[in-house]
Amino acid sequence: MLILTRRVIFWSLIVLFVIHSFLVFTIGTEEDKGETLLTKDALNGKLVYQKYNCTACHQLYGLGGYMGPDLTNVMSKQGIGELYVRAFLQNGTQRMPNFHLSEEEIIFLVAYLKYVDKTGISPVKKFEINLNGTVTQK
Ligand code: HEC
């Protein structure tokens, strides 16, 4: 009897392990984390962003310098968007330097900022703590 119970428990655990693994590696990982959005232009934009050290003054995903505003969602922010960002990049302001970027560099930067916008929210204002301890952004 004892051996039978042990076997039942053992095989139940094996079956649960297989079901759990299946769920984790199918449904659990099916979310698009933005890899497909990192186009060639966006990737080049990342290099331009690094070349001019934009991060010295700006944050992406909440990380970076604090002299300028966080740029994570600058592309979808109401009243801002692509044309506004282009104006900043072409001319600078009294507080932001004009880097004399080429048209190509601006296209790359815009593509990169669009990619960043789709892959993160910063600062996180609304979130919910789930029963299993994970956090979902709203
Ligand atoms: C020396 C610091 C500094 C550097 C380096 C810098 N910026 Fe800025 N940036 C600023 C400041 C300060 C502002 C706000 C300026 C203002 O409102 O007059 C700003 C504003 C902006 C804005 C408008 C954001 C908004 O929400 O209004 C964008 C877009 C931007 N910067 C992009 C960039 C990019 C891309 C780079 C790199 C090529 C860069 N910046 C490098 C200081 C900097």
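Keep in mind that the numbers below use all heavy atoms, side chains included, and drop hydrogens, waters and symmetry copies. Remember, it's 1-based here, ligands and their atoms both numbered in the order they're listed.
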shortest atom 28 (C) of ligand 1-to-protein heavy-atom contact is with Leu71 CD2, 3.7 Å
Please list, in number order, the atoms of ligand 1 under 4.0 Å from a heavy atom of Val85. 29 (C)
Below 4.0 angstrom from a heavy atom of Tyr52, which ligand 1 atoms are there? Numbered from 1 as shown, please. 38 (C)
Per-atom contacts of ligand 1 with Lys77, taking only distances under 4.0 Å to non-hydrogen atoms: 26 (O)
Among all the protein's non-hydrogen atoms, which is closest to atom 22 (C) of ligand 1, and how far away is it? Phe88 CD2, 3.5 Å
Nearest non-hydrogen protein atom to atom 37 (C) of ligand 1, with distance, is Cys54 SG, 1.8 Å
Tell me which N, O or S atom from His58 is the closest to atom 8 (Fe) of ligand 1. NE2
For atom 17 (O) of ligand 1, the protein heavy atom that lies nearest, with its residue and separation: Arg95 NH2, 3.5 Å
Hey, can you tell me if Tyr112 and Tyr115 have their rings parallel, tilted or perpendicular (30° and 60° cut-offs)? parallel
By number and element, which atoms of ligand 1 are closer than 4.0 Å to a non-hydrogen atom of Ile80? 26 (O)
Minimum non-hydrogen distance to atom 18 (O) of ligand 1, winning option of Leu89, Val110, Thr93: Thr93
Any side-chain heavy-atom pair from Met96 and Leu89 closer than 4.5 angstrom? yes
Determine whether the side chain, the backbone, both or neither of Val48 has a heavy atom under 4.0 Å from any heavy atom of ligand 1. neither
For Gly62 and Asp70 the tightest heavy-atom approach is N-OD2, 3.4 Å
Full working for side chain to side chain contact (heavy atoms under 4.5 Å, CB included) between Glu82 and Lys114: CA-CA 9 Å; Glu82 186 168 341; Lys114 280 183 182 166; 2.9 Å; yes
Take Thr55 and Asn53 through the side chain to side chain contact (heavy atoms under 4.5 Å, CB included) test and state the conclusion after the steps. CA-CA 5 Å; Thr55 197; Asn53 205 13; 3.4 Å; yes
Candidate pair Glu105 and Tyr52, rule side chain to side chain contact (heavy atoms under 4.5 Å, CB included), full reasoning: CA-CA 11 Å; Glu105 285 175 320; Tyr52 292 98; 2.9 Å; yes
I need the single residue from Leu113, Val116, Asp117 that forms a side chain to side chain contact (heavy atoms under 4.5 Å, CB included) with Val74. Which is it? Leu113
Those atoms of ligand 1 less than 4.0 Å from some heavy atom in Cys57: 1 (C), 2 (C), 3 (C), 4 (C), 5 (C), 42 (C), 43 (C)
Looking just at side-chain N and O atoms, do Asp41 and Thr39 make a donor-acceptor pair shorter than 3.5 Å? no
Can you list the atoms of ligand 1 that are under 4.0 Å from a heavy atom of Met67? 12 (C)
For atom 39 (C) of ligand 1, which of the options Glu105, Met96, Glu82 provides the nearest non-hydrogen atom? Met96
Any idea which part of Pro69 is under 4.0 Å from ligand 1, heavy-atom wise: side chain, backbone, both or neither? side chain
Would you mind checking which non-hydrogen protein atom is closest to atom 41 (C) of ligand 1, with the distance to 0.1 Å? Phe99 CE1, 3.4 Å
Taking the side chain as everything from C-beta on, heavy atoms only, tell me whether Thr119 gets closer than 4.5 Å to Tyr61. yes
Taking the side chain as everything from C-beta on, heavy atoms only, tell me whether Val18 gets closer than 4.5 Å to Leu16. no
among protein heavy atoms, the one nearest atom 27 (O) of ligand 1 is Tyr84 OH, 2.9 Å
How does Leu113 reach ligand 1, by side chain, by backbone, by both or by neither, if only non-hydrogen atoms under 4.0 Å count? neither
Using the rule given for side chain to side chain contact (heavy atoms under 4.5 Å, CB included), can you reason through Leu60 versus Tyr49, listing the C-alpha separation, both sets of side-chain angles and the distance that settles it, and then say yes or no? CA-CA 11 Å; Leu60 287 183; Tyr49 195 87; 3.5 Å; yes
